[in-house]
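Side-chain atoms are counted along with the backbone in the values below, which use heavy atoms only and exclude waters and symmetry mates. Counting from 1, the numbers follow the sequence of the chain as shown.
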Amino acid sequence: MTALMADAEAAAAFAAAQPASEEREDRHLLALIRALLATEQADGRTPTALPLGGTFDVVVTSDGEAAARALRAMDTIQGRTAGVVRLPDPGLLLWCVPPGTAAGWAGHPAALCVGAPYAVQLPGPGADSGPGPYWARPFAAAQRVPPGPLRALLTEYGPPPPHDRVAASGLITISPS
């Protein structure tokens, strides 16, 4: 059984066990927390495939100096940015934005925004440095990157388009949920 299938089955079983009174977003958040805790119990670095759209969507940008400037500027705006993953190979940043952002995200030359029905591999909570994927800014369930300021910073700093790297990476898959 692949890790993606195991993650999806665990998330589905967990969601099914929740009381009917739980809000959809709460169920997604609880599934996210459970998946991240499972990776932490394993070794803290194992990536987990998580469905997008319930707890967060992701904005994908190329990594590099322009993206680093945007990240530092977002730290200033937000106090401390939360939920940014660095993928050294293929050289991408994943910015966790509020769920539903993808539906309203018009095309942008320096970024693409992805939500449901897709899933993305995220590193475990203990992954705080390379060489593989790691959290450039740790995820905080109560805080996500605000898409408006992020879009403006990406326009201002203009990192190169990530589209070819995303397609070649296999990073984003269709969610089984």
For side-chain contact (heavy atoms from CB on, under 4.5 Å), just list the numbers for Leu154 and Thr61, CA-CA rounded to whole Å, side-chain angles, deciding distance to a tenth of an Å, and then say yes or no.
CA-CA 9 Å; Leu154 295 175; Thr61 65; 3.6 Å; yes
Between Ala66 and Gly158, what is the shortest heavy-atom contact and its length?
CB-C, 4.1 Å
Smallest heavy-atom separation, Trp95 atom then Val145 atom, equals CE3-CG1, 4.0 Å
Closest non-hydrogen atoms of Gln78 and Arg144, given as atom of the first, atom of the second and distance, are NE2-O, 2.8 Å
Hydrophobic cluster membership, Val60 vs Leu71, 4.5 Å side-chain cutoff:
no
Report yes if the side chains of Leu150 and Val59 come closer than 4.5 Å at any heavy-atom pair, otherwise no.
yes
Under the criterion side-chain contact (heavy atoms from CB on, under 4.5 Å), I'd like the reasoning laid out for Val97 against Cys113: C-alpha separation, chi angles, the key distance, then a yes or no.
CA-CA 9 Å; Val97 295; Cys113 188; 4.3 Å; yes
In terms of side-chain geometry, is the basic nitrogen of Arg137 or Asp75 positioned less than 4.0 Å from the acidic oxygen of its partner?
yes
For residues Ala102 and Gly115, report the shortest heavy-atom separation together with the two atoms involved.
CB-N, 3.5 Å
Side chain to side chain, Val85 and Leu92, heavy atoms closer than 4.5 Å
no
Minimum heavy-atom separation for Pro159 to Ala67, with atom names?
CB-N, 4.2 Å
Is Pro147 close to Pro98 at the side-chain level, that is, under 4.5 Å between some pair of heavy atoms?
yes
Would you say Asp57's side chain and Thr101's backbone share a donor-acceptor pair under 3.5 angstrom?
yes
Would you say Pro88 and Tyr134 make side-chain contact, with heavy atoms under 4.5 Å?
yes
Treat each ILVMFWY residue as a node, draw an edge where side-chain heavy atoms are under 4.5 Å apart, and state whether Leu52 and Leu94 are in one component.
yes
Trp105 six-ring face occupied by Arg151 cation (under 6.0 Å, within 45°):
yes
Please evaluate residues Leu153 and Ile77 with respect to the criterion side-chain contact (heavy atoms from CB on, under 4.5 Å), reporting the C-alpha separation (whole Å), side-chain torsions for both, the decisive distance (0.1 Å), and the verdict.
CA-CA 10 Å; Leu153 290 170; Ile77 291 169; 3.9 Å; yes
Which heavy atom of Pro161 sits nearest a heavy atom of Ser62, and at what distance?
O-OG, 3.3 Å
